[in-house]
Amino acid sequence: MGQDFFDVDSIKEDIEAEANEDKMPTYGSEKWHDYVMSKFHKTELFDGNPVCAGLRRVAEELLGTIVVSRPTQVFPATDGDGPGRATVVFEVVIDWMDSGQLRTYSDVADVWHGNTDDLFCAHPVATASTRAEGRALRKALKVKCLAAEELAKKDVASI
C-alpha cells in the first residue's frame, strides 16, 4: 500500500518513440525533407527557408564532409553602366557519409536587377555564387524549398 506503480509497457513505448524521433530516415524518403528541415537552427532560417551557411552545415552533418565547394564557371557582368547580369556555376563535392565515395552536385544561378533586391545587385557575382551554392546544396540534401538567398522582395514577375 502507498506504493506507486509504473506502467512498464508505456514507459518502453515513450523511450522508443523518443529514439525514433531522432533516427535519420532513409535518404530521399517521404520523411526526409521534414527531418532535414528540423536540423536547421532558428538563426539559419529566413521565412522558413534555410540560408546557404545553414545548408552547408546541415549537409556536412547529415551527408558527410564537403571536400570541394567552389564556382566552376563565372560569367561576370559586362555592363559598364550598371550592375548588369552575372552568372555562376557552382559545385559541391561531398565525401558521402565519410565513406571515401565522392558525390558531386552542381547548379547555376544568375543575378540581375530584375531578380534580385537592390542591396544585393551591387555584388552580382558574389550573390550569384551564393545562390548557386545554395541550389547545389539543396539538391544534395533533397529539400523542397528555396534557399533564403534565392528569395527577393521585389515583384520579379512584373519585370
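Under the 4.5 Å side-chain criterion, counting only non-hydrogen atoms from C-beta, T65 is in contact with E60. Taking 4.5 Å as the limit, some side-chain heavy atom of R131 sits within range of a side-chain heavy atom of T116.
A continuous path of ILVMFWY side-chain contacts below 4.5 Å connects V92 to L62, so both sit in one hydrophobic cluster. Taking hydrophobic clusters as Ile, Leu, Val, Met, Phe, Trp and Tyr residues chained together by side-chain heavy-atom distances below 4.5 Å, Y27 shares a cluster with Y35. Cluster membership for L45 and W32, using ILVMFWY side-chain heavy atoms within less than 4.5 angstrom, is shared. The cluster map of Ile, Leu, Val, Met, Phe, Trp and Tyr, joined by side-chain heavy atoms under 4.5 Å apart, puts I66 and V36 in the same cluster. No path of Ile, Leu, Val, Met, Phe, Trp and Tyr side chains, each step under 4.5 Å between heavy atoms, connects L55 with V67, placing them in separate hydrophobic clusters.
Note on D117 versus K153: no salt bridge recorded, every NZ/NE/NH1/NH2 to OD/OE distance being 4.0 Å or above.
D95 places a side-chain N or O within 3.5 Å of a backbone atom of G100 that can act as its donor or acceptor partner.
Remark: R70 pairs with E91 by the side chain to side chain donor-acceptor pair (under 3.5 Å) rule, at least two apart or across chains. Q101 pairs by the side chain to side chain donor-acceptor pair (under 3.5 Å) definition with nothing, not counting sequence neighbours. Residues passing the side chain to side chain contact (heavy atoms under 4.5 Å, CB included) test with V74 are P71, P76, V88, V125, sequence neighbours excluded.
Using the six-membered ring where Trp is involved, Y105 and W96 have ring planes that are tilted, between 30° and 60° apart.
For NE2 of H33, the number of neighbouring non-hydrogen atoms (other residues, nucleotides, ligands) closer than 6.0 Å is greater than 12. The number of heavy-atom neighbours closer than 6.0 Å to CD of E30, taken from other residues, nucleotides and ligands shown, is 12 or below. For F40, the CZ atom sits in a packed shell: over 12 heavy atoms of surrounding residues, nucleotides or ligands are nearer than 6.0 Å.
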